[in-house]
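Naming: A, B, ... by sequence-line order, numbering from 1 per chain.
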Protein chains: 2
Amino acid sequence: MRSDAVANREALLAAARVELNLDPDASLEAIAARAGLSRRSVYGHFATRDELLRELITLGATRVAASVATVDHDDPLVRLALIASRLWHEVEDIRVMAVFAVRGPLKGHTAEALAPLRLRVVDSIAEGVAAGSVRRDIPVARLARLVEDAALSALAEASSDAMPGSAAHRLVILLVLSTAGLSAEQAAALIDTHPELDS
Amino acid sequence: MRSDAVANREALLAAARVELNLDPDASLEAIAARAGLSRRSVYGHFATRDELLRELITLGATRVAASVATVDHDDPLVRLALIASRLWHEVEDIRVMAVFAVRGPLKGHTAEALAPLRLRVVDSIAEGVAAGSVRRDIPVARLARLVEDAALSALAEASSDAMPGSAAHRLVILLVLSTAGLSAEQAAALIDTHPELDS
DNA sequence: AGTATATTGCACACAACTGTGCAAGTTACA
DNA sequence: TGTAACTTGCACAGTTGTGTGCAATATACT
């Protein structure tokens with residue numbers, strides 16, 4: 001592959017990231033334009049629109065999963081909070097795109113790349129239940145989905161209502177912990193006693 | 001208007017309710033077919049697809065708002081829980097459609113009919129904050145949106161993962177209370193000490 | 001039974017896309 | 001500098017929808 005072709009491929013992915021973050025239904029025309037290319041040449045890099053989207057999602061989801069994989073802490077609740085924190089940082093400037101990937105028509109594909117992350121969440125919750133720090137009134141698998149949903153709600157809220165990044169970051173963690181069963185005070189205490197949750 | 005025309009209009013709205021609940025992007029063709037009419041005759045009742053959707057949403061949202069308007073209780077938290085409960089009952093069998101109305105492209109229109117309901121939620125939360133029973137770490141307006149989002153998450157969860165209606169009903173209330181800042185135990189206690197939340 | 005009212009099928013215009021074929025142009029790079 | 005690799009514009013086919021005009025038909029209601 002020629003060097004400019006490589007660069008253009010990158011440019012297309014970057015453009016798609018931006019454009020789909022503005023409007024998940026953005027056309028190839030719009031994406032190509034942002035990349036400084038013609039719609040026609042998109043097909044020189046990706047066979048179909050779908051292929052472009054899948055690649056984009058795979059890259060993003062893998063990156064997120066990889067980042068979250070390095071999280072570690074003995075306390076499952078703190079681990080959960082740390083995961084939420086990492087998630088925020090990884091997704092901060094592609095919030096809409098992230099929500100689209102997880103909730104949109106390609107969610108099945110996203111799920112594959114996100115599987116390890118979700119496994120980690122389920123494990124942490126199960127551990128928390130065993131330790132008595134996470135609610136027992138909702139089955140673990142379901143609670144894991146609801147916790148993820150809470151995080152997405154926070155992302156969406158941060159997208160619509162412009163708020164300072166630090167507030168959004170804290171909000172994601174708070175909602176995750178609240179959904180896990182903590183009271184607002186307990187959640188705040190947990191965050192405040194763990195400075196690594198500020199970064 | 002002729003009597004059969006009135007009936008067909010109703011049939012179209014009912015069909016749209018069902019069809020859009022299966023797929024929010026359902027075509028007029030599909031809706032008309034379910035109503036036992038031809039696509040062409042839809043235009044005898046509604047000028048555009050948009051008009052049909054708006055009418056549908058107005059009817060539904062108004063009904064929900066009216067039902068919620070009759071909720072009353074001194075304790076703002078219990079009131080919030082009762083609102084969640086009513087919401088569930090009103091929306092139970094059009095969950096997908098409800099989520100579409102609130103999150104989809106017509107959310108602006110939905111907002112009008114839903115305004116009184118949202119006002120009530122904001123008020124209850126504000127009252128709860130004043131009474132010290134609702135979290136103070138998130139601004140009231142934002143918290144109101146997040147509480148609503150939590151309810152929607154519960155609806156979505158109940159839609160995807162088939163669960164008994166009673167469990168879904170309880171889940172909606174639990175998530176609303178958790179988001180409001182209660183611990184899982186506090187939320188459960190509140191529900192269990194208020195039998196009217198079971199109906 | 002007669003008439004206003006509804007419904008239907010069909011054709012058509014239109015829009016906004018995706019994806020392809022091909023000839024002509026441009027550019028990396030050996 | 002030559003050539004393979006890449007990009008472009010344009011035309012075209014195909015898809016899937018919405019919305020309209022119109023003539024033919026069916027139906028409610030008086």
Between [N] atom [atom2] and [X] atom [atom1], what is the distance in whole Å?
X: A:Asp23; N: C:dA16; atom1: CG; atom2: C1'; value: 13 Å
X: B:Leu37; N: D:dA26; atom1: CG; atom2: P; value: 16 Å
X: A:Leu28; N: D:dT7; atom1: CG; atom2: P; value: 15 Å
X: B:Phe46; N: C:dA6; atom1: CZ; atom2: C1'; value: 15 Å
X: B:Ile31; N: D:dG17; atom1: CD1; atom2: C1'; value: 12 Å
X: B:Asp4; N: D:dT25; atom1: CG; atom2: P; value: 19 Å
X: B:Arg9; N: C:dT7; atom1: CZ; atom2: P; value: 11 Å
X: A:Arg39; N: D:dC12; atom1: CZ; atom2: P; value: 15 Å

- Item | Residue B:Asn8, side-chain heavy atoms: nucleotide from C:dA28, C:dA6, D:dA28 that is nearest |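 Given the options C:dA28, C:dA6, D:dA28, the side chain of B:Asn8 is closest to C:dA6.
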
- Item | Earlier contact from the 5' end, DNA chain D, for B:Met1 and B:Arg49 |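 Nearest-nucleotide comparison on DNA chain D picks B:Arg49.
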
- Map B:Ala26 and A:Ser41 onto DNA chain D by nearest heavy atom, then report which one ends up closer to the 5' terminus.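 Comparing both residues, the 5'-ward one is A:Ser41.
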
- Between A:Asp192 and A:Arg170, is there a salt bridge with N-O shorter than 4.0 Å?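 Result for this pair is yes, salt bridge flagged.
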
- B:Glu55/B:Arg9 ion pair, N-O < 4.0 Å: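 Result for this pair is yes, salt bridge flagged.
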
- Donor/acceptor link under 3.5 angstrom from A:Arg40 side chain onto base of C:dG21: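 It does, because a donor-acceptor pair links the side chain of A:Arg40 to the base of C:dG21 below 3.5 Å.
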
- Would you say the side chain of A:Arg2 and the base of D:dA5 hold a donor-acceptor pair, judged only by whether the two atoms sit under 3.5 Å apart?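 When only heavy-atom distances are counted, A:Arg2 does reach the base of D:dA5 through a donor-acceptor pair under 3.5 Å.
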
- Pair B:Arg135, A:Ser178: side-chain N/O donor-acceptor within cut-off below 3.5 Å: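 There is such a pair between these side chains.
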
- Item | Check: B:Thr70/B:Arg86 side-chain N/O donor and acceptor closer than 3.5 Å |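 Yes, side-chain donor-acceptor contact under 3.5 Å.
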
- Message: Taking 4.0 Å as the cut-off, does a side-chain nitrogen or oxygen of A:His45 come that near to OP1 or OP2 on D:dC6?
- Response: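 So the side chain of A:His45 is outside the cut-off, no N or O lying under 4.0 Å from OP1 or OP2 of D:dC6.
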
- Looking at B:Thr48, does any N or O in its side chain come under 4.0 Å of the phosphate oxygens OP1/OP2 on D:dT18?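 Looking at the OP1 and OP2 atoms of D:dT18, neither is under 4.0 Å from any side-chain N or O of B:Thr48.
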
- Could you tell me whether the side chain of B:Ser67 and the main chain of B:Arg63 form a donor-acceptor pair under 3.5 Å?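 It does not hold such a pair.
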
